[in-house]
Amino acid sequence: MVKGLSDLLKTNLETGIYGDEVDLLNRKTAFGSNTYPRKKGRSFWRFLWEAWQDLTLIILIVAASVSLGLGIKTEGLKEGWYDGGSIFLAVLLVIVVTATSDYRQSLQFQNLNEEKRNIQLEVLRGGRTVKVSIYDVVVGDVVPLKIGDQVPADGVLVSGHSLAIDESSMTGESKIVHKDKKEPFLMSGCKVADGVGTMLVTGVGINTEWGLLMASISEDTGEETPLQVRLNGVATFIGIVGLSVAVSVLVVLLARYFTGHTEDPDGTKQFIKGRTNFDDAFNDVVKIFTIAVTIVVVAVPEGLPLAVTLTLAYSMRKMMADKALVRRLSACETMGSATTICSDKTGTLTLNEMTVVEAFVGKKKINPPSDSSQLPASVVSLLNEGVAQNSTGNVFVPKDGGNIEISGSPTEKAILSWAVKLGMKFDIIRSDSKILHVFPFNSEKKRGGVALQGADSEVRIHWKGAAEIVLTSCSGYIDSNGCLQSINEDKEFFKAAIDEMAVNSLRCVALAYRLCEKEKVPTDEEGFNGWILPEDNLVLLAIVGIKDPCRPGVKDAVKICMDAGVKVRMVTGDNIQTAKAIALECGILSSAEDATEPTIIEGRVFRELSDKEREQIAKKITVMGRSSPSDKLLLVQALRKGGDVVAVTGDGTNDAPALHEADIGLSMGIQGTEVAKESSDIIILDDNFASVVKVVRWGRSVYANIQKFIQFQLTVNVAALVINVVAAISSGDVPLNSVQLLWVNLIMDTLGALALATEPPTDNLMHRSPVGRREPLITNIMWRNLLLQASYQVTVLLVLNFAGLTILHLKDDRDREHAYDVKNTLIFNAFVMCQIFNEFNARKPEEINCFKGVTKNYLFMGIIGFTFVLQIIIIEFLGKFTTTVRLNWKLWLVSLGIGIISWPLAIVGKLIPVPKTPVSGYFTKAFRRCRTDRNA
């Protein structure tokens, strides 16, 4: 069947399709591309609709409509639309800015989701193995499959050994299905659970079940992170306080109004029982009601969730540039709290560029290791056969005599390169013998094997794996003269050779084989499926030492982690001596004297401990060698029980449980399997430990930026509420009217969030301890800063409110209404200036110099400049809409001066010591209660 299909599709099952541009274009035209139509995300109009669903904004729109109608009725269209129209315009501006911001973040998340789907895989084209995007797979492609891969399209099995597919993503049943000639059909989107194989692609894109399914669903970007949940609790509590204040102001203003205590600037009472007509009274009541509602708008910090969204979107975009793809939003925050990183060695701490630098054949060290002249032809033949057939890699020799191309895992490539130098003819050896059965490399057993039948009908079983493990199964070895020797007396020599290589940071791999009696070899496919390859009485052929150098800069990255209070632990499947040597080279172990148990431990020893013992010892472990994926999982569980926030790196399918169990799972983008990637929270695109450290830095930056915004927002909230409440209770009027408060709301919510949430991370972040799970969101330092700034603003602005006419020499002004307008405009202008300059203070809550690095943040400077220019336009040109009057240059200088004074005040404030114990009491309990209620 497969041969017939391949002929129809013009595919060579050995070398794949031709793969030139014309061939690929013809196949895409005939059968379609491996893409499917996406469900469109929410449109801008949808975000606009959602933005105006806010209850307080709806109430303001209703109040504005009433005010507009009454204004036009009493003052005529020309003058009467200003009050109501101004509120309408201000509300519209808030809605449009909010919708635009949310829409832009939505587009960013869509782009990141597209990146997640763009899987890179290998296909056979023109005899060579090439890496392509999953979207570029075409009908007729021959695709090699190995454990952890995703089936990229619909197809049929060409050949396979122990191939097991997890079809749960399509069928919904978590049942592993074994594939063979009787059950050859493979469905797109399924995962390879075990074994190896090759498939022929027969259907792509929308012509597959997976394509139809994916086209019918849309990506959910509505994930709410833990920090957002906490902030929603804070926002709810502040909203309740604001609502209470607004109701109090409403009651006081109405009481003062109807009892005749509210007066116009010229001293005329606004309401006189029996004289004031209904329209005037109703209009005044609407204005009072609008003020109360606007206080709620200012008090409710809807900018808090927006700030989280902005900072997460910004961080995710920047993390992509730093080679980290975020799959789950919550990981951005959690990474800032990480107290330990359990890192793989190969490819993460090392370059994953492996080379065979030492080789022992028999008791003879071959120098150089690829010099075949030092070995008998029979030994070279056996070595080449074992390397060529017991491999998932490939060797492509161009017909035009170009450079040989070797593909496969880094270890496979190193051994294949060594064998090629020994004289291996890959294609010839593969065609000379027939593969009967394969035992794919297993990270638990740390070895893989293959059964072959040669041209002489002799059945040979080749094994390859961790040197000391394969050595224990050997009963003999081939010496350098090609003679079989008993290994019993020489085992200690080989162990010493392995240890010597391991101490020199080399990965030790042993190659061995044995003959198998024909009567023990199964004769049918069912027999092969259940056949366990013999792994005893092996004959050792060679031990090779593979060098994988440390990544440049990894020692510095480890030191940065240590300074930041994040402990780095190495968990590797390599020999304990190799692990120790690399750990010393990377700086994970400070000296050889530290390399004692339990600081350095074997996975087997850790596995055999009781749960309680593991929990006690886990904290002390720095290096774990010869570990299996289950050992890594046990270590993660023990560390988490001990209170650590654990980040784990992993690349294999068997790493999935540990990646899932950890607080933050970090999979590898180059060597990682699709199963590992789907179980992880963040994909490290360059497999580099330095990128992991950058993720920690960004995680801390997310938390720090949110705290900056909270400090800024609460300062505005406290100041605005206190000023309006005190003024309303004492005089029956408020200095900051509805439109002005809506403008302040826009500054502190949207523009403030954009300015402070996009602050880049600083080096100072990596000199702090990790943020604890239960550490309060508002620290003592933040309380000190915001209370100091709010007290200053309240004091200055209330003095202006009650004594402003005297200070400004306006008390004797004949036009009392103009005098009041000047005073209130100055208060409004000074209040906005305080917020603009307070944004600088909020940038560095703990540092004296709040201007450090500000010129590098173009967005922050742009927003400050934009806000300042808009404020000038509002005061000087839009006075009729905002009930303000133009200010002369002296009053502008006064406003600026009031704002500028907040800087030296902030510096003085930062010198005031704060208690280390977090402030407890009513606020903290209230925040916690609000959060609990919300979760419930």
Side-chain angles (χ1 to χ4, degrees), residues 55-71 73-75 83-84 86-87 237-300 717-742 744-745 790 793-795 797-805 816-817 819-821 823-824 827-828 831 883:
L55 181 61
T56 50
L57 292 180
I58 292 171
I59 293 170
L60 275 176
I61 291 168
V62 172
S65 303
V66 174
S67 177
L68 186 65
L70 286 169
K73 182 182 177 184
T74 54
E75 299 176 39
D83 284 353
S86 300
I87 298 171
F237 172 72
I238 296 170
I240 291 168
V241 172
L243 185 62
S244 306
V245 170
V247 170
S248 305
V249 169
L250 179 64
V251 170
V252 170
L253 289 178
L254 288 174
R256 287 184 62 93
Y257 178 77
F258 285 112
T259 55
H261 288 87
T262 304
E263 298 177 348
D264 285 330
D266 59 4
T268 307
K269 290 185 178 180
Q270 289 185 359
F271 180 82
I272 301 171
K273 192 174 181 181
R275 293 186 189 178
T276 307
N277 63 47
F278 176 79
D279 285 353
D280 288 342
F282 188 71
N283 196 17
D284 288 338
V285 168
V286 167
K287 285 180 180 176
I288 291 169
F289 185 71
T290 305
I291 289 167
V293 172
T294 311
I295 286 173
V296 175
V297 174
V298 175
V300 174
N717 278 61
V718 172
L721 286 177
V722 172
I723 291 163
N724 269 11
V725 169
V726 173
I729 292 170
S730 60
S731 64
D733 195 11
V734 289
L736 301 171
N737 64 35
S738 306
V739 179
Q740 292 168 358
L741 285 175
L742 283 170
V744 171
N745 184 64
Q793 291 179 24
V794 168
T795 303
L797 298 180
L798 283 179
V799 166
L800 281 176
N801 187 58
F802 293 115
L805 294 177
R816 298 285 290 173
E817 191 170 341
Y820 270 92
D821 286 344
K823 180 202 73 171
N824 286 344
I827 291 171
F828 168 56
F831 186 62
T883 326

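All residue numbers in this chain count up from 1 along the given sequence.
Separation of atoms CZ (Arg256) and CD1 (Ile288) is listed at 10.5 Å; rounding is to 0.5 Å. For the atom pair Asn724 CG and Leu797 CG, the distance stands at 10.5 Å (nearest 0.5 Å). Note that CG of Leu253 is 10.5 Å distant from OG of Ser248, once rounded to the nearest 0.5 Å.
Taking all atoms of both residues into account, the shortest heavy-atom contact from Phe802 to Ala727 is CZ-CA, 4.3 Å. When all heavy atoms are compared, the tightest approach of Ala819 to Leu805 is O-CD2, 3.7 Å. In terms of heavy-atom proximity, Gln740 sits nearest to Leu736 at OE1-CA, 3.3 Å.
Under the side-chain contact (heavy atoms from CB on, under 4.5 Å) rule, Val245 has a single partner from Val249, Leu243, Val247, which is Val249.
Counting heavy atoms from C-beta outward, Phe831 and Pro735 have side chains that stay 4.5 Å or more apart. At a threshold of 4.5 Å between non-hydrogen side-chain atoms, the residues Phe258 and Asp284 do not count as touching.
Under the 3.5 Å distance criterion, the side-chain polar atoms of Lys823 are matched with a main-chain donor or acceptor of Asn801.
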From CA spacing to verdict: side chain to side chain contact (heavy atoms under 4.5 Å, CB included), Phe282, Asn277: CA-CA 9 Å; Phe282 188 71; Asn277 63 47; over 6 Å; no
